[in-house]
Amino acid sequence: MTDDDRGLAPLDGSDVALLHELRETFDRLDPAPAGLTDRIAFALTVHALQAEVAELTRRPMALTRGEEAHDEPDQAMTVTFSTESVSIMVTVSPLGDGTARVDGWLTCEVPEVELARPDGRGERAEVQEGRFVFAAVSTGPAYLVVHPVGHRTVLTPTFTI
């Protein structure tokens, strides 16, 4: 076997051990940022759909504190996303059992809205007079997908329910 042939040889136990050690070293010294996989999946979805990404434009009551300095900040319950073609306001109401009610309002005509998850799961809700409701959805990261008539698909950034 020549030195050129060694590169074409199948992996053996010492190769696998070396690769495991290399992975552990990278995980310890330069770990991937939290949420990187979710952000990559979202970017690929946007690219695949050639969609427009809505910007977070308003987050009333975000991180407000109680009167006492030691009170924990409240979570944002209402957020607004905007693009040139649509504005979307979403209010999240925790139900206390690991689920939440999501109420939303749109400024465009669409028959339905999708609440998508980074892991590929999704639910759809009918839109009536610009309003939609997801009565009880599991908590966790999600984003909205809207297909306005005559405009590009709109995606919101991922937010936590």
Side-chain angles (χ1 to χ4, degrees), residues 20 23-161:
H20 281 289
R23 181 184 184 138
E24 289 173 8
T25 301
F26 274 107
D27 286 346
R28 188 179 68 247
L29 298 177
D30 189 20
L36 179 62
T37 305
D38 291 342
R39 291 194 305 260
I40 290 171
F42 180 75
L44 292 173
T45 300
V46 169
H47 181 72
L49 294 174
Q50 297 179 354
E52 186 175 8
V53 178
E55 292 181 16
L56 177 62
T57 57
R58 210 171 103 195
R59 187 171 26 176
M61 298 180 62
L63 299 178
T64 56
R65 289 194 176 271
E67 292 182 14
E68 300 296 325
H70 61 275
D71 289 347
E72 289 297 317
D74 295 331
Q75 293 182 343
M77 295 296 163
T78 302
V79 293
T80 304
F81 303 98
S82 296
T83 68
E84 289 183 17
S85 61
V86 64
S87 289
I88 308 166
M89 186 171 81
V90 177
T91 298
V92 178
S93 304
L95 299 177
D97 61 354
T99 65
R101 177 185 169 103
V102 178
D103 291 274
W105 296 265
L106 295 165
T107 60
C108 66
E109 293 288 328
V110 293
E112 64 182 14
V113 171
E114 179 180 359
L115 181 71
R117 304 293 182 148
D119 64 6
R121 293 178 296 140
E123 300 177 40
R124 296 179 186 273
E126 183 179 356
V127 176
Q128 294 184 340
E129 298 180 3
R131 185 173 187 277
F132 61 91
V133 175
F134 293 95
V137 294
S138 60
T139 57
Y143 57 94
L144 295 170
V145 182
V146 178
H147 302 282
V149 176
H151 296 278
R152 292 188 305 168
T153 297
V154 174
L155 303 175
T156 66
T158 300
F159 59 96
T160 302
I161 294 176

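It should be emphasised that the depicted structure is a prediction, and the values quoted were computed from it without experimental measurement. Below, each value reflects all heavy atoms present in this structure, side chains not excepted, and no hydrogens, waters or symmetry copies.
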If you take all heavy atoms of [X] and [Y], which pair is closest and at what distance?
{"X": "Pro118", "Y": "Pro141", "value": "CD-O, 3.4 Å"}
{"X": "Val127", "Y": "Val110", "value": "CB-O, 3.3 Å"}
{"X": "Ser138", "Y": "Arg121", "value": "OG-NH1, 3.9 Å"}
{"X": "Pro94", "Y": "Ala100", "value": "CA-CB, 3.9 Å"}
{"X": "Glu123", "Y": "Phe134", "value": "O-CE2, 3.6 Å"}
{"X": "Ala34", "Y": "Arg39", "value": "O-NH1, 3.4 Å"}

Kindly write out the residues that satisfy side-chain hydrogen bond (donor to acceptor under 3.5 Å, both in side chains) with Glu114, not counting sequence neighbours, or none if the list is empty. none
From Asp97 CG over to Leu95 CG, what is the distance, rounded to the nearest 0.5 angstrom? 5.5 Å
Let me confirm one number: the CZ-CZ distance from Arg23 to Arg28, rounded to the nearest 0.5 Å. 14.0 Å
Any side-chain heavy atom of [X] within less than 4.5 Å of one from [Y]?
{"X": "Ile161", "Y": "Leu115", "answer": "yes"}
{"X": "Leu144", "Y": "Phe132", "answer": "yes"}
{"X": "Thr107", "Y": "Met89", "answer": "no"}

Neighbour count above 12 (heavy atom, 6.0 Å) for Glu112 CD: yes
Audit row: Val86, Phe81, side chain to side chain contact (heavy atoms under 4.5 Å, CB included) steps and yes/no: CA-CA 8 Å; Val86 64; Phe81 303 98; over 6 Å; no
With salt bridge (Lys or Arg N to Asp or Glu O under 4.0 Å) as the criterion, how do Arg117 and Asp119 come out once you've worked through the C-alpha distance, each side chain's angles and the decisive distance to 0.1 Å? CA-CA 5 Å; Arg117 304 293 182 148; Asp119 64 6; over 6 Å; no
Residue pairs passing the side chain to side chain donor-acceptor pair (under 3.5 Å) test with at least one member in residues 147-161, sequence neighbours excluded, are His147-Thr153
